[in-house]
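Structure first, commentary second.
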Amino acid sequence: MTIKTDSGIEIQPVYCEPVKMDELPGQFPFTRGVHKTMYRDKLWTMRQYAGFSTAEESNKRYHYLLSQGVSGLSVAFDLPTQIGYDSDHAMAEGEVGKVGVAIDSLEDMEILFKGINLQTVSTSMTINATAFILLSLYIALAKKQGADISKISGTVQNDILKEYAARGTYIYPPAPSMRLITDIFEYCSKEVPKWNTISISGYHIREAGSTAVQELAFTLANGKAYLKAAIEKGLDINVFAQRLSFFFNAHNNLFEEVAKFRAARRMWANITKSLGATDPKAQMLRFHTQTGGSTLTAQQPKNNIVRVSVQALSAVLGGTQSLHTNGFDEALSLPTEDAATIALRTQQIIAYESGVIETVDPLAGSFYVETLTNQVETAAWKLIEKIDVMGGAVSAIEQHFIQNEIARSSYAYNKAIESNEKIIVGVNKFITKEADETQLLKIDDSIRQVQSEKLKILRAKRDNAKAKLCLENIKAKSATTENMMPAIIEAVENLCTLGEISDTLRSVWGEYKG
């Protein structure tokens with residue numbers, strides 16, 4: 001009987017061949033970890049992705065999570081915020097506050113982080129098409145708090161290529177979108193040097209149905225495209241590449257996931273080196289991990305606690321720098337406070353009770369893990385080479401190569417579940433009749449009215465002449481090669497809304513039609 005990983009790599013019944021092991025943690029190509037001592041000296045950042053309803057409600061959840069031991073915040077934004085519509089826009093109806101928090105202006109941002117010192121907390125923001133606006137809002141708020149913006153830290157996802165390929169929350173065509181991304185690289189390298197200017201995301205590629213190998217290959221191909229775009233803009237790879245980070249998914253196949261993370265570091269080190277990076281910090285792949293949302297089941301939802309535990313363990317054994325663990329109820333709704341607490345406790349038990357942090361790269365030297373790392377890497381390079389022949393990631397997306405590959409894998413995976421070739425506990429095997437007792441977090445549609453009233457008051461009290469000048473300045477700057485960030489920051493400081501800024505650029509660049 002032939003057994004394969006989900007990526008199609010054949011697994012032998014036993015591994016006996018020793019693998020060459022002359023790599024050390026903290027040294028090129030960083031297969032065994034980006035730090036010499038890894039978690040012996042410093043744990044990964046424990047984040048819990050949270051955001052729902054209004055800024056007031058999300059702020060309460062952030063304070064609760066901080067009180068329970070999270071070491072970094074991770075903000076989820078609602079769909080209108082992600083695609084550049086104010087809450088009172090017709091396109092926002094039915095979506096305000098549903099899958100994340102609604103943020104329309106600097107005033108919302110102030111409420112979101114009320115009582116939280118932005119100079120002392122690290123914040124990750126999952127935002128892409130409007131990343132330049134949300135980062136501007138964050139910087140404007142930090143300045144208003146009196147923070148030294150050169151000392152604020154965090155990450156903005158800012159990865160538009162995976163939106164075209166897998167997720168869909170894009171606004172503008174690729175060229176102006178890439179311009180905004182490199183503007184953030186340039187601005188932050190000078191003004192906000194501790195900020196991670198992009199989180200190149202495999203997470204959503206995997207959620208769309210890719211295999212582990214595809215997730216790795218397509219993510220690194222996108223990363224390569226961002227490197228080249230920044231180099232073409234005249235930026236120094238040894239400077240800007242130090243602030244690039246990655247965002248990977250963790251699924252249920254423990255060893256393949258560990259192999260994926262180890263291979264990713266080695267591959268990225270070689271990609272950056274080939275493009276001119278000589279500083280080890282510019283060659284390191286640092287990454288955040290989130291457990292697999294698409295692996296969670298609505299049936300027997302408490303089984304998800306075990307799934308999340310296995311996935312979190314793979315991320316830690318694979319050397320993640322930051323981790324979010326999903327709530328067991330997320331196949332049904334946004335996580336309740338109870339589910340979020342269990343998810344956080346999962347990380348804390350791994351960190352403080354399991355012993356896996358006591359040595360660096362504890363699976364190193366395993367014949368199986370080392371062989372699988374090499375096999376995952378080889379398979380991923382083959383896909384990247386195909387993408388390079390097409391002209392790179394942007395061209396591969398425009399030719400629908402990446403989208404089609406993901407769709408094929410998703411179809412094959414679901415067919416395997418339907419045929420019982422792949423077992424999902426509680427779904428196609430070990431099924432039980434169960435009472436629906438899971439408490440769900442529900443968001444009321446009245447949130448849109450609340451946000452609309454806030455916007456009405458804001459537009460009435462702000463200096464509208466000044467706001468109009470700021471928007472005209474953004475429009476003028478968009479036709480030049482000047483960095484857009486100072487103009488955006490000025491606009492949000494003068495209470496221009498997210499939707500107004502997005503629409504100003506829509507009027508110049510148009511919208512991308514997938």
Side-chain angles (χ1 to χ4, degrees), residues 7 128-129 131 157-186 197-206 208-237 240-241 244-248 263-264 266-277 282-283 285 376-410 481 509-514:
S7 295
N128 296 283
Q157 192 163 100
N158 198 29
D159 175 7
I160 203 64
L161 292 180
K162 67 95 174 46
E163 296 296 330
Y164 299 128
R167 190 161 174 267
T169 63
Y170 45 73
I171 303 174
Y172 313 113
S177 294
M178 292 293 276
R179 180 255 178 100
L180 289 169
I181 288 167
T182 54
D183 278 359
I184 290 175
F185 289 178
E186 182 181 50
T197 51
I198 192 169
S199 178
I200 304 161
S201 176
Y203 185 86
H204 303 96
I205 290 169
R206 192 66 173 280
S210 81
T211 65
V213 165
Q214 289 172 331
E215 177 193 359
L216 176 57
F218 298 154
T219 304
L220 296 190
N222 287 347
K224 197 172 176 182
Y226 293 126
L227 289 176
K228 289 184 173 180
I231 290 167
E232 287 170 11
K233 193 179 177 74
L235 303 184
D236 183 352
I237 191 171
F240 77 81
L244 308 188
S245 65
F246 286 79
F247 175 24
F248 287 116
R266 188 156 68 203
M267 294 174 73
W268 185 246
N270 284 294
I271 287 169
T272 52
K273 186 177 181 180
S274 72
L275 291 173
Q283 299 168 337
L285 182 146
V376 166
E377 179 182 8
T378 299
W381 278 127
K382 285 180 181 176
L383 278 172
I384 290 175
E385 285 162 10
K386 284 185 180 180
I387 291 167
D388 285 344
V389 168
M390 292 178 188
V394 175
S395 180
I397 289 166
E398 289 174 342
Q399 294 177 53
H400 294 275
F401 170 74
I402 292 175
Q403 297 94 311
N404 290 340
E405 288 293 301
I406 294 170
R408 269 193 286 271
S409 294
S410 179
T481 58
W509 295 331
E511 290 187 324
Y512 179 72
K513 304 297 181 186

*Positive for side-chain contact (heavy atoms from CB on, under 4.5 Å) with Tyr226, one of Asp159, Thr182, Thr197*: Asp159
Do [X] and [Y] have side-chain heavy atoms sitting under 4.5 Å apart?
{"X": "Phe247", "Y": "Gln157", "value": "yes"}
{"X": "Met178", "Y": "Lys233", "value": "no"}
{"X": "Ile198", "Y": "Phe185", "value": "yes"}
{"X": "Asn222", "Y": "Ile205", "value": "yes"}
{"X": "Ile387", "Y": "Ile402", "value": "yes"}
{"X": "Phe401", "Y": "Leu383", "value": "yes"}
{"X": "Trp509", "Y": "Arg179", "value": "yes"}
{"X": "Leu227", "Y": "Leu244", "value": "yes"}

Can you check whether [Y]'s main-chain N or O pairs, donor with acceptor, with [X]'s side chain at less than 3.5 Å?
{"X": "Glu377", "Y": "Ala264", "value": "no"}
{"X": "Ser177", "Y": "Pro173", "value": "yes"}
{"X": "Glu163", "Y": "Asn128", "value": "no"}

*Got a second to check how far His400's NE2 is from Ile406's CD1, nearest 0.5 Å?*
12.5 Å
*CG/Asn158 to OG/Ser201 distance, rounded to the nearest 0.5 angstrom?*
11.5 Å
*Using 4.0 Å as the upper bound for N to carboxylate O, is an ion pair formed by Glu405 and Arg408?*
yes
*asked:* For a side-chain contact (heavy atoms from CB on, under 4.5 Å) check, start with the C-alpha distance between Ile231 and Phe240, then their side-chain angles and the critical distance, and finish with the verdict.
replied: CA-CA 9 Å; Ile231 290 167; Phe240 77 81; 4.2 Å; yes
*Given the rule in the side-chain hydrogen bond (donor to acceptor under 3.5 Å, both in side chains) test, do Ser210 and Glu215 qualify, once you have shown the distances and angles that lead to the verdict?*
CA-CA 6 Å; Ser210 81; Glu215 177 193 359; 5.3 Å; no
*Where do Gln399 and Ser395 land on the side-chain hydrogen bond (donor to acceptor under 3.5 Å, both in side chains) test, with the steps shown first?*
CA-CA 6 Å; Gln399 294 177 53; Ser395 180; 2.8 Å; yes
*Before giving the answer on side-chain hydrogen bond (donor to acceptor under 3.5 Å, both in side chains), spell out for Ser409 and Gln214 the whole-Å C-alpha distance, their side-chain angles and the decisive distance to 0.1 Å.*
CA-CA 9 Å; Ser409 294; Gln214 289 172 331; 2.8 Å; yes
_Walk me through whether Glu385 and Trp381 qualify under side-chain hydrogen bond (donor to acceptor under 3.5 Å, both in side chains)._
CA-CA 6 Å; Glu385 285 162 10; Trp381 278 127; over 6 Å; no
_Ring centres under 6.0 angstrom apart (Tyr203, Phe248)_ = no
